[in-house]
Structure formats: structure tokens, C-alpha cells
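Structure first, then comments.
Hydrogens, waters and symmetry mates are skipped; everything else that's a heavy atom, side chains included, is used.
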2 protein chains.
Amino acid sequence: MRHDGHVTGGYLKGRIRREDIITTAVAVYAEAGYHGSSLREIARRVGITHAGLLYYFPTKESLLAAVLERRDAQDTERERLAVPPGREALAHLVALAEYNVRHPGIVDVYARLAAEAVAADHPAHDYFERHYRMARDYAVASLRVLAERQELRPGVDPELAGLNLVALMDGLQVQWLSNGGAVDLVGALRFYLRDLLTVPLD
Amino acid sequence: MRHDGHVTGGYLKGRIRREDIITTAVAVYAEAGYHGSSLREIARRVGITHAGLLYYFPTKESLLAAVLERRDAQDTERERLAVPPGREALAHLVALAEYNVRHPGIVDVYARLAAEAVAADHPAHDYFERHYRMARDYAVASLRVLAERQELRPGVDPELAGLNLVALMDGLQVQWLSNGGAVDLVGALRFYLRDLLTVPLD
DNA sequence: CCTACCGATCGGTAGG
DNA sequence: CCTACCGATCGGTAGG
């Protein structure tokens, strides 16, 4: 208990401050990318100095790592990716796209970082390589399940269609961002999936 | 004629130097993006100082504009985009993808710039918005032509399939770049088109 | 968490 | 095209 009557709660204030910094970093990354963002700008929005920020995250890279970790945790939580591959998983994919369309900031960071991280020496390169591989495997596995149940249109290769599904979502996001949301991202995704299946998703 | 016997050719040397600078800029953009590139690094590779580079391109932005202009000119030349929308146009798209796969550097610049230019205040923003719109219109028009000839699989909406085609090419490029070419970009594109048509492309 | 600082790098300009 | 410079900004550190 401090003399002003407030309880600091041990490390609680520190954890809140860390979360605050991460949230702010996401917003700044969305505007300027990772390389284009400065610790000073992020710190300014949080209300501390850039040296103060470095007290919580010792390097610029460690802050990026924290941003990516939190994103993974949130995705897993929200979409309950524990859902086994299959029809329900594809429905979740559409739900995720719908969520993203309502939260352009998230899409923005992601698209920007993914493109930056194409460079092999980018600090997020391995993260995105892993992320894409997992997304592809999940999509392919889901389509394989449908194929076994004869719910996939004849001639559709689960391997290639799964790769295309992930690529399509990515490409649609970039176009959707580029022209300020005029592209019907969710409609195009639904069309692709409906066209692939013999039994509609919903 | 100079005393060393060489002919400078009036403005020829200048034009060659300009081309040299643009070519070098493309390579550096591919490695570091636009914002991440410095005039000093580009100038160093060309063998002049950054102040010397600014003699040819007065600002960093004007160099970017020159890069994009040359890319457009080359695309139009190589793929003879004068080809009217239709079956042949789609075949050209596959040929372009095959060409790109053999020239990763070009894909790299493009993917990086497109993602950077998502930001409304990026100097290449308008360029990419225009580029995407033209690509979409061209794809949609081509699919409409096929639809009239009953060469499109029933149920395929030319509007959505055209949007998806452009998005797919973009998304495939990013994944292909991310994992060092292990993704079968051309195969996936061919599969998508074959699946769309009732009469094979080739 | 802050003040104060470091070395490095940036785009651009002056003046030739 | 170059030398020499400017003001601004960067990530990171010392020392408290």
C-alpha cells in the first residue's frame, strides 16, 4: 500500500504496460510496416520515452516477436483452431475472414509484415514460413476429409486447392486493403468454396 | 570526339546511366522494399555518390516512379497486352507466371511494393490501385468471353472468378517467395484455370 | 521508468 | 557528376 492509498499489485502494472505497448505497436506496424516504425513513435503514443520502452522490450526485434506471439494466441483462442480439419474448419475460415473485414487494422499489419518477411533475413521470416505451412496443411487436410466423403467436386485436387485457398485469402486481403474495402472479400471466398464443394457450407 | 578518341554520344551516356540506376533500384527494392532502400546504397552499386544519383532523379520518389513506369512498359511489350480479352489472354497470364518463376527478383520487388503501397499515403499507392483494377477488369472480361461461348463451367461467376484469379496469382507469389520456391506456383495456377474451363487452355 | 548521450544513417542542398 | 554539408531520425546504452 502506497501513501496515496493505491495498490500497485506487484507486477500487474508492468504486465498491463507491456500489453499496452504491444497493442500500440500493432497499430503503428499497420501504418508503417515493421522497418518503417520507430520505437520513439510507439513510445510516444504509449506516453513514455523510447528508452522507457526499451526497459520492457530490450530490442526492436523483441517487440515484434511479442506482437506475433500475441496474434497467434488470439487466433487460437478466437477460432479455436483445435477444431479438427474438415467441413467445420472451412466454415471457421469464412468466419475468420468476416471478422477480419470488420477489423481492417489487423489485416493491415499482417499483410504488410508478410510481404516484408519475404526477405530471408527479416526477423519475422521464419514465423511466416511456419504460419503459411501450417495454414496450407490445415486447408489440405480439410479438403481431403471432404474428398473422402464425396463432398468435393470431381477433379478437384485437395493439395492444389488447399494451396490455392490460402493464397486466395492472402491475395484478396491485399486487394481489399488497396482499394479501401470496395472488393467483396467474403463474397469471393464463399464463391470459391461453394464452387469447390458438392454440399454447400451453410 | 574527345582527346581519348571516345565519342560520348551526346545524351546517350546519360540515358544509359539512367537505365543503369533504375535496374539497380529494382534489385535493391527487392531486397529491402522501397522505404528500406537508401539512395546511397543504390548509388554505391552503380558506382556514383548519392548526390550524383540525385542529379538524374531529383528525389527518392521520382526514382520509384521511373521503376514503375519501366515495369509497365516491359510488361506491355513482353506480353503484348494489346491481345484482346479472351482465351488467349488467359494463356498469356500463365506464360507471365512462368516467366516470373524464372525471374524471382521481379516478383520480389512487386510483392514488396504492393504490400507497402497498401498505405494510402505511399507514393506507389495510386499506381497499384490502378494496376489491380486493370488486372481485374482484364480477367473478368476474358472470362465473360469464355462464358458466352459456353467454355466456362456452369455456375462460375465471371466477376468473382476474375477477382479470385488476380488475388490467387498475388497470393501464390508471396507463398512462393516465402518458402524459397518450393510451392508449385505455375501448377497451382494451371489447376485453377483448368478447373474453371470446360475446354482446356492448351 | 527518465535524461542525456552515442555513432550511424537518412534525403536533400549548395556550389562547383 | 563530386565534395561537403545540413537537420532529422534511428536503435541502443549509461547511469541513475
Side-chain angles (χ1 to χ4, degrees), chain A residues 2-4 6-25 28-29 31-67 112-113 116 119 121-124, chain B residues 2-4 6-25 28-29 31-67 112-113 116 119 121-124:
Chain A
R2 299 187 312 198
H3 73 276
D4 62 0
H6 279 282
V7 177
T8 60
Y11 296 117
L12 178 60
K13 207 180 71 179
R15 258 187 291 137
I16 291 176
R17 183 47 54 102
R18 280 180 63 93
E19 285 305 306
D20 193 14
I21 293 172
I22 293 175
T23 301
T24 306
V28 176
Y29 290 173
E31 292 173 25
Y34 168 68
H35 284 309
S37 300
S38 72
L39 297 179
R40 280 169 170 87
E41 173 60 18
I42 297 168
R44 195 191 58 75
R45 297 196 194 184
V46 171
I48 59 178
T49 66
H50 91 283
L53 191 158
L54 287 166
Y55 166 78
Y56 290 99
F57 299 95
T59 65
K60 192 183 182 186
E61 258 189 64
S62 67
L63 177 54
L64 172 61
V67 165
R112 294 207 55 142
L113 288 183
E116 257 189 333
D121 62 347
H122 192 283
Chain B
R2 299 185 314 196
H3 73 277
D4 61 1
H6 279 281
V7 176
T8 59
Y11 296 117
L12 177 61
K13 208 180 71 178
R15 258 187 293 137
I16 290 175
R17 180 52 50 108
R18 278 180 64 92
E19 286 303 307
D20 193 14
I21 292 171
I22 294 175
T23 302
T24 307
V28 177
Y29 290 174
E31 293 173 24
Y34 168 68
H35 284 308
S37 299
S38 73
L39 297 180
R40 281 170 170 85
E41 173 61 17
I42 296 168
R44 195 191 59 74
R45 298 196 193 183
V46 172
I48 59 177
T49 65
H50 92 283
L53 191 157
L54 287 166
Y55 166 77
Y56 290 99
F57 299 95
T59 64
K60 190 183 183 185
E61 258 189 65
S62 69
L63 176 54
L64 172 61
V67 165
R112 295 207 54 144
L113 288 183
E116 256 188 333
D121 62 347
H122 192 283

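Minimum interatomic distance between A/Glu31 and A/Arg45 (heavy atoms only, all atoms of both residues): OE1-NH2, 3.0 Å. In terms of heavy-atom proximity, A/Ile21 sits nearest to A/Val46 at CA-CG2, 4.0 Å.
In the set C/dG12, C/dC2, C/dA4, the nucleotide with an atom closest to the side chain of B/Leu39 is C/dG12.
Rounded to an integer number of Å, the gap from B/Phe57 CZ to C/dG11 P is 15 Å. Following rounding to the nearest Å, B/Lys60 (NZ) and D/dT9 (C1') show an atom-to-atom distance of 13 Å. In this structure, B/Tyr55 places its OH atom 18 Å from P of C/dG12, rounding to the nearest Å. Residue B/Arg44 contributes atom CZ, which lies 11 Å from atom P of C/dC10 at whole-angstrom precision. Computed from coordinates, the A/His35 NE2 to D/dT9 C1' distance equals 17 Å when rounded to whole Å. Whole-Å rounding puts the A/Arg40 CZ to C/dA8 C1' distance at 12 Å. For the pair B/Leu64 CG and C/dG11 P, the interatomic distance rounds to 13 Å; values are reported in whole Å. In this structure, A/His50 atom NE2 and D/dC10 atom C1' are separated by 8 Å, rounded to whole Å.
Among the protein residues, A/Ser37 comes within range of the sugar-phosphate backbone only, with heavy atoms under 4.0 Å from sugar or phosphate atoms but none that close to a base.
Across all strands shown, the partner of C/dC2 is D/dG15, judged by Watson-Crick or G-U wobble contacts whose two distances both fall under 3.5 Å.
A donor-acceptor pair is defined here as one N or O able to donate and one able to accept, closer than 3.5 Å; no such pair exists between the side chain of B/Glu41 and the backbone of B/Val28.
Expressed to the nearest 0.5 Å, how far OH of B/Tyr55 lies from CZ of B/Arg18 amounts to 10.5 Å. For the atom pair OG1 (A/Thr24) and CD (A/Glu19), the distance works out to 10.5 Å, reported to the nearest 0.5 Å.
Across the interface with DNA chain D, nearest-nucleotide mapping of A/Leu54 and A/Glu41 shows A/Glu41 to be the residue nearer the 5′ end. Nearer to the 5' terminus of DNA chain C, by closest-nucleotide assignment, is the contact made by A/Ala51 (compared with the other of A/Ala51 and B/Ala51).
Note on B/Ser38: a side-chain N or O is less than 4.0 Å away from OP1 or OP2 of C/dC10.
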